[in-house]
Each structure stands twice: as structure tokens, then as C-alpha cells.
Amino acid sequence: MVQLAPAASMDEVTFRSDTVLSDVHLYTPNHRHLMVRLNSVGQPVFLSQFKLLWSQDSWTDSGAKGGNHRDIHTKEPPSAETSSTGSPPGSGRGNEGFSLQDGADTTGQEVAEAQLDEDGDLDVVRRPRAASDSSPVGPLRDKVHPMILAQEEDDVVEEEAQGSPHNIIRIEHTMATPLEDVGKQVWRGALLLADYILFRRDLFQGCTALELGAGTGLASIIAATVARTVYCTDVGADLLAMCQRNIALNSHLAATGGGVVKVKELDWLKDDLCTDPEVPFSWSQEEISDLYDHTTILFAAEVFYDDDLTDAVFKTLSRLAHKLKNACTAILSVEKRLNFTLRHLDVTCEAYDHFRSCLRALEHLRDGNLRFVVEPVEASFPQLLVYERIRQLELWKIVAEPVT
């Protein structure tokens with residue numbers, strides 16, 4: 001059971017927990033754990049590439065020209081043999097660029113045909129554990145491989161980003177962290193939310209949007225391909241700096257749709273936005289006015305892992321909805337995680353149960369000005385990022401409407 005110590009702000013929260021590792025990174029072979037750099041607190045940072053399963057033409061048609069989600073056409077993920085290779089300056093080794101591999105179709109459901117041997121018995125094909133196997137038998141296992149890179153300066157990063165293809169998202173992240181630093185990893189819920197944004201491009205087209213607990217900024221980067229302005233928010237100078245770096249790495253994606261991503265501090269445990277110009281990632285008065293005057297979309301992924309922070313998220317959602325001049329829609333992504341607890345002597349999902357109770361409380365909230373309509377979103381939309389879309393992944397939509 002995670003225990004939350006009293007704290008004045010989100011980045012001062014202290015958890016008592018073992019180190020956690022995202023399932024997105026879990027199957028990466030140890031010899032591929034090659035880092036780009038150390039962050040300011042001494043944690044190793046890796047760079048991964050996530051491939052969008054669509055063609056360049058569909059990007060131009062549906063992104064730059066503002067087409068709806070029906071214009072998006074997926075294509076089969078390439079095999080590991082087609083991943084890019086090269087040699088970074090001073091490394092003496094080959095770059096091992098990767099895309100997320102999946103033997104499933106774009107909806108995440110596998111279609112397999114049973115194979116029998118000459119005696120009529122089921123022939124089980126063993127899949128190799130590493131993509132480096134010179135003679136693989138059958139499809140490769142799903143893995144995420146961080147690239148092998150040398151230390152890069154900011155101007156080199158910007159130069160590479162300008163030349164990056166429009167179907168590649170490059171994300172810097174850590175591999176395993178204490179619970180208070182989970183925002184530095186990439187989680188399946190963020191990939192599900194990114195898929196939904198790409199599917200509902202009509203909802204995000206030309207809007208001003210705000211992401212709560214953005215972490216590495218992956219969902220904000222995707223949103224910026226169609227939105228006018230995306231406020232990518234979290235807490236902690238080191239996390240926000242990583243997020244800012246990811247925005248720079250993927251600036252070519254936002255430029256295609258004309259979107260702007262602004263990385264800002266937003267603490268759920270504080271009522272007001274930080275406007276101190278001496279504080280990194282603080283807000284200007286012009287940005288605050290733009291936020292409240294134009295925002296119509298709020299979104300968050302994988303931020304519901306502690307009851308106190310979940311309460312703070314919902315209070316922040318309610319507070320923002322009341323301050324915004326326009327009616328807004330919130331999209332929340334969550335994974336229902338099952339854990340065995342000594343208190344119950346059974347497998348439970350307490351964090352998810354608390355999340356659902358907060359949804360019910362918000363739906364029944366009546367303050368005379370707004371009402372909140374809550375409904376689940378069926379996860380049957382196309383999968384444009386390859387990951388394991390397990391049934392425990394859920395999306396919820398909250399519409400804040402004025403009471404008439």
C-alpha cells in the first residue's frame with residue numbers, strides 16, 4: 001500500500017514504495033539499456049522512437065489540411081530487420097533505431113492460424129528473445145529499444161528534429177524510477193490517449209488544450225499535430241526540462257499542423273498558477289488569459305495511482321472547468337491495475353476503485369453553475385501506435401456543461 005506523506009506541493013510528495021518500471025519498457029533486453037545522458041538528479045536517460053502506423057500522404061491530408069479521423073489510413077508495422085541503422089559521432093557503434101513491433105492488426109487483436117506438424121500435432125513456433133538473432137524463427141517479440149546515441153548539444157537535437165520523418169516520435173525517458181518519478185517513464189495509458197487524439201482529430205482541431213500530469217509530454221506532442229495551442233503541464237524542474245527537450249525533439253510534428261506546445265508548471269495541490277518570473281516554466285499573465293479564454297479540451301493519462309493525488313486531479317479539473325469561459329471536455333486515460341494486498345488478503349485495484357468513486361462524485365456534483373456528464377469511451381478505435389492494448393486500459397470522457 002502506497003503511503004503519502006504530507007507535503008506543500010506535488011513535487012515534494014514522498015512515497016514509500018519499491019522502484020517501478022513501466023510495461024512499455026519491461027521487455028527491453030538489458031544489453032539494449034544504453035543511455036543518452038544523466039539528468040540533473042543523476043538518473044540515466046534513454047531515447048526511444050515510437051512509430052506512427054500511417055503513411056506520409058495521410059499525415060498531409062488529415063493533419064495539415066485538417067481532415068477528420070476517417071482520413072487516417074494505417075499501414076503494417078515494419079519488421080525489426082527494416083529498422084534504421086547508423087553511426088553517431090564518436091560512438092564507434094551503430095544506431096539501433098526501432099519502431100514498436102506487433103504481430104497484431106491495428107485494432108490490437110491477433111489473427112493466428114494453427115499450424116500442425118506431419119503427425120497432426122500442434123506445432124508451436126518459438127519466438128527468439130532478441131532481434132539480433134541472425135536466424136530468427138517466426139515473428140520477433142514485442143520490444144521497445146532505446147537508441148544508441150552520443151551526447152548531443154541542443155543545436156544538434158534541433159537539426160535532427162527538422163530532418164526526422166513525420167511518422168516517428170522521439171521521446172527521452174528514464175527506465176525505472178521511484179514512484180514519485182513515474183512521470184519520467186512512458187506508460188501504456190499515454191499511448192492509448194495518443195491513439196484517441198489521432199482518432200478524434202475533429203475534436204482537437206484548432207483548439208486550445210491543457211494536459212495535466214504530462215510526464216514525458218508524448219500525448220501533448222500528438223495533440224499539437226492538430227490543436228492550435230497545447231499547455232503541457234506537470235511539476236518538478238527536472239521533469240519539465242525533460243518534457244521541454246521532447247517538445248524540441250518533435251518540433252517537426254507540431255509544425256506540420258501549426259500547433260504550439262508550451263511547457264508550464266501546474267501543481268494540483270495549489271489553487272493558483274505560478275506567475276513568478278524567477279521560477280522556471282511559470283506562467284505569464286497573457287498565457288493565463290489565453291488559457292482561461294480559449295481552452296476547450298483537458299486531458300490526462302496515468303495520473304490516478306494515489307488516492308490523495310487523484311483527489312487533487314479532480315479538484316483541479318473542477319476548478320479549471322469553472323474558470324474557463326467555454327464549455328470544456330476532459331479525456332482521462334487510466335489502467336486498472338490489480339494488486340494483492342495484505343489488508344484484504346485478496347487481489348484488489350484500490351487506486352482504480354478510488355478513481356471511479358471520484359468520477360461518480362463529480363457526476364453528482366451540483367453547484368448551480370455547471371454539471372458534469374461522465375461516460376466511458378469504447379477503446380475500439382484504430383491503433384496507430386503499436387503497444388499492447390490490454391482490456392484494463394480505459395478512457396473516460398467528462399463534459400462540463402452550464403446548467404440551464
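These numbers come from the heavy atoms of this one structure, side chains and all, not from hydrogens, waters or symmetry mates.
Of all non-hydrogen atoms in Ala312 and Leu269, the two that sit nearest each other are CB-CD2, 3.5 Å. The two atoms that bring Glu287 and Ser284 nearest to each other are OE1-N, 3.0 Å, heavy atoms only. Annotation for Ser318 and His322: closest pair O-ND1, 2.7 Å, computed over non-hydrogen atoms. Across every non-hydrogen atom of Val261 and Cys232, the tightest pair is CG1-CB, 3.9 Å. Nearest heavy atoms, Trp187 versus Leu21: CH2-C, 4.1 Å.
In this model, no donor atom of one side chain and acceptor atom of the other lie less than 3.5 Å apart for Asn246 and His173. For Glu394 and Tyr352, the side-chain atoms include at least one donor-acceptor pair closer than 3.5 Å. Between the side chains of Tyr387 and Asp23, not a single donor N or O lies within less than 3.5 Å of an accepting N or O.
Side-chain contact between Leu309 and Val303 is absent, with no heavy atoms from C-beta onward closer than 4.5 Å. Between Leu298 and Thr329, the closest side-chain pair of non-hydrogen atoms is not below 4.5 Å.
Rounded to the nearest 0.5 Å, atoms CD1 (Ile171) and CE (Met242) are 10.0 Å apart. With rounding to the nearest 0.5 Å, the separation of CG in Leu365 from CZ in Arg360 is 15.0 Å. Residue Tyr292 holds its OH atom at 14.0 Å from OG1 of Thr208, rounded to the nearest 0.5 Å. Taking CZ from Phe355 and CG from Asp307, the interatomic distance works out to 12.5 Å, rounded to the nearest 0.5 Å. The CG atom of Leu324 sits 11.5 Å away from atom NE2 of His294, with the distance rounded to the nearest 0.5 Å. Note that CG of Leu384 is 5.5 Å distant from CG of Leu198, once rounded to the nearest 0.5 Å.
Checking side-chain atoms of Ser282 against main-chain N and O of Asp276 turns up a donor-acceptor pair under 3.5 Å. With hydrogens and angles disregarded, no donor-acceptor distance shorter than 3.5 Å links the side chain of Asp234 to the backbone of Leu266. Judged purely by atom type and a 3.5 angstrom limit, Lys51 has no side-chain atom pairing as donor or acceptor with the backbone of Ile168. A donor-acceptor pair is defined here as one N or O able to donate and one able to accept, closer than 3.5 Å; no such pair exists between the side chain of Arg188 and the backbone of Ile390.
Of the candidates Thr177, Asp238, Thr174, Asp238 is the only one forming a side chain to side chain donor-acceptor pair (under 3.5 Å) with Lys184.
In this structure, Arg389 forms a cation-pi arrangement with Phe381, its terminal cationic atom sitting closer than 6.0 Å to the ring centre and no more than 45° off the ring axis.
In Arg228, the CZ atom is crowded: over 12 heavy atoms of neighbouring residues, nucleotides or ligands sit closer than 6.0 Å.
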